[in-house]
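Just so you know, these numbers use all the heavy atoms, side chains as well, and skip hydrogens, waters and symmetry mates. Please read all numbers here as calculations on a predicted model, not as lab measurements.
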Amino acid sequence: MNDKESAADFIRTIIAEDLASGKHQAIVTRFPPEPNGYLHVGHAKAICLDFGVAAEFGGRCHLRFDDTNPAKEEQHYIDAIKEDVRWLGFDWGEHLYHASDYFEQLYDWACFLISAGLAYVEEQSAEAVRKNRGDLTSPGVNSPFRDRPIEESLDLFARMRAGEFEDGAKILRAKIDMASHNMVLRDPAIYRIQHRSHPRTGDAWCIYPMYDFAHGQSDAIEGITHSLCTMEFENHRPLYDWFTSHLPVPAVPRQYEFARLNLSYTMTSKRKLKQLVDEGVVSSWDDPRMPTLSGMRRRGFTPTSIRNFCATIGIKRTEGTVDYSLLESILRDDLNDVAPRRMAVLDPLKVVIGNWPAGHVEMVEAMNHPGKPELGTREIPFSGELWIEREDFREQAPGKYFRLKPGAEVRFRYGYYLTCTGFETDDKGEVTVVRCSYDPESKGGNTADERKVKGTIHWVSSAHAIASEVRLYDHLFREIVPGANGDFMDDLNPDSLTMVMAQLEPSMMDVAVGEVVQFERSGYFCMDRDSSADKPVFNRTVALRDSWAKLEKKLNQGPSEGA
RNA sequence: AACCUGGUGGUGUAAUUGGUAACACAUCUGGUUUUGGUCCAGACAUUUCAGGUUCAAGUCCUGGCCGGGUUGCCA
């Protein structure tokens, strides 16, 4: 399946205009994650925008790590982020940068600001600073240090860098407007002291620039033309512009904001996802239930499906919540196209064919993809003892139930027509064996008389089957918007993971870790890295659409209770 | 209640910038089918409300209503 084209959203419109008017000769964007966690679908939206727009307009996109807070950042996050961006299908080429690459320049610019009377060293406590900032409806109060001599601030700032003061003892603040309606402009902190080693600069620094002081300037240094970010930074744009207009930066980039992605039944918040990992709710950042790119990869999502999803949801400034079913639909679309078909029984029930020659095994031919004959066929062993899906047999069933029931004839896909002649149960009434007879003239699934057999079910020869652990997933949360009514942890779905022991057709031995196949009539499954030579493990990526389930639900709701 | 932003079907997007509201998902009906899958056909909104400008308004103006963001030495 090819990538869906992205519509001309407001950002692409602006870029096209900037190029047409000659404002820019070429465009440069950047994707700037903080390496404090793993990337999730929300980031995919940003990545597809940043890299996508650059590619469409013949520009380039940088990967820049926003590593200004060593308290939260780690090298392994950096490595994982790079892997995820590459997996999604994007390439930053030579343009890998870090905000920390610019620490020396940023320091110089901070001194420049102090010298220009536009920044000062603050010595009030964090609490006092907060108190004096005022609130949403009342202006703040100027700091007693606001008008201290420039030389004094310069000296103090140098000593901050030299490590003379403890964490929190002082900060550097920009001198803007304590009465601004925009809180971000009330003399924002631009440097803080943190005696902590940084994943890249080690112990070279004990003062670190704040996001606001690093981002726009980093953009300027790299020649970013369009700095795209999410709406929560909208209030920061005036500050972004304040720095680039008061500092001798080499270029003046522009920031544009778009709405972040919200997906139903999950969440796109690094902080909350980290909590799920830290509290052991999920096994890891790449748990297949996680909306992280690594989790989705392990689950069996294709990069194409995620890119198509991002193209479909579009870019706007309005918040909304996308139906998870849209993602699933786009995923199925791609998987239907690329996934080879196989047979597997998730909830095995034994079928014994009474008139089958004892000990006889026959090979039947099955297509690897009904829609793509060019993908060839494979041979599957058929015998007198088979596994079928427990739900494919009913002792009593409504007329619309086309599967196995006493007296009914159904087609065993690619095999034979079987007619149910009886069944056995245990003391609890649970069906243990279904007895059938087969029509020797129906090999392959057709007969000369062309009689209609409505039902077709999948099967696996019990003597040849491979036992496998299969992990079935459901939404991680029960609520469309987890946490909407309180703590999101209260909305966890206790049934988000179910494990079953399935029986697979022998050819499944050749599936590779990470490969996705369709278990016919069931869903798409991806071989997990937990697989071993003697026990494969599969994750259900997504189930097939199930119109029978809907029909049956309706039948059961009807006036006369269904079977 | 301050400032900033936004409001098109159940959901996500579109509408040549003032000219018969389009597409996808979801839902419901049918048809095809050796996957109750795929595929095909059909149904499903007078654009938050009230006024105004205009031959003509989802697009422009005024007011109301509703939503999101903002008071880190996080990003």
Counting the atoms with a prime plus P, OP1 and OP2 as sugar-phosphate, which does [X] contact under 4.0 Å by heavy atoms, base, sugar-phosphate, or nothing?
X	result
A/Ser125	base
A/Tyr191	nothing
A/Arg186	nothing
A/His236	base
A/Arg130	sugar-phosphate
A/Gln124	base
A/Asn36	nothing
A/Ala126	base
A/Pro370	base
A/Gly320	sugar-phosphate
A/Ser522	nothing
A/Glu257	nothing
A/Lys270	nothing

May I ask you to verify if any side-chain N or O of [X] is less than 4.0 angstrom from the OP1 or OP2 atom of [N]?
X	N	value
A/Lys550	B/rG36	no
A/Thr68	B/rA75	yes
A/Arg133	B/rC73	yes
A/Thr312	B/rC25	no
A/Arg317	B/rG69	no
A/Arg521	B/rG36	yes

Which base, if any, makes a Watson-Crick or G-U wobble pair with [N], both distances under 3.5 Å?
N	value
B/rU48	B/rG64
B/rG36	none
B/rC25	B/rG10
B/rU71	none

Q) How long is the gap from CG on A/Leu404 to CD on A/Glu389, to the nearest 0.5 Å? A) 12.5 Å

(Q) Between A/Arg64 and A/Asp219 (salt bridge meaning N to carboxylate O under 4.0 Å), is one present in this structure? (A) yes

Q) Mind checking whether A/Tyr324 and A/Tyr265 have ring centres under 6.0 Å apart? A) no

Residue [X], side-chain heavy atoms: nucleotide from [options] that is nearest:
X	options	answer
A/Glu234	B/rU5, B/rC25, B/rU33	B/rU5
A/Met183	B/rC74, B/rA75, B/rU70	B/rU70
A/Arg192	B/rU71, B/rA75, B/rA26	B/rA75
A/Ser325	B/rU13, B/rU33, B/rC25	B/rC25
A/Ser547	B/rC39, B/rG37, B/rG10	B/rG37
A/Asp135	B/rC25, B/rU35, B/rU71	B/rU71
A/Lys554	B/rA2, B/rC28, B/rA26	B/rC28
A/Leu136	B/rC39, B/rU71, B/rG12	B/rU71
A/Met210	B/rG10, B/rG72, B/rG37	B/rG72
A/Lys316	B/rA14, B/rG12, B/rU33	B/rA14

Q: Using only heavy-atom distances, determine whether the side chains of A/Thr137 and A/Asp135 contain a donor-acceptor pair under 3.5 Å.
A: yes

Q) Is it true that the side chains of A/Asp212 and A/His236 contain a donor and an acceptor less than 3.5 Å apart? A) yes

**Q.** Matching residue for A/His198 among A/Trp205, A/Phe65, A/Phe103 - test: ring pair (Phe, Tyr, Trp, His ring centres under 6.0 Å)
**A.** A/Phe103

**Q.** A/Asn132 and its side-chain hydrogen bond (donor to acceptor under 3.5 Å, both in side chains) partner, picked from A/Arg186, A/Gln124, A/Glu127
**A.** A/Gln124

(Q) Distance check needed: B/rU33 C1' versus A/His458 NE2, whole Å only. (A) 18 Å

Q: Would you please classify the geometry between the A/Phe157 ring and the A/Tyr107 ring as parallel, tilted or perpendicular, with 30° and 60° separating the classes?
A: parallel

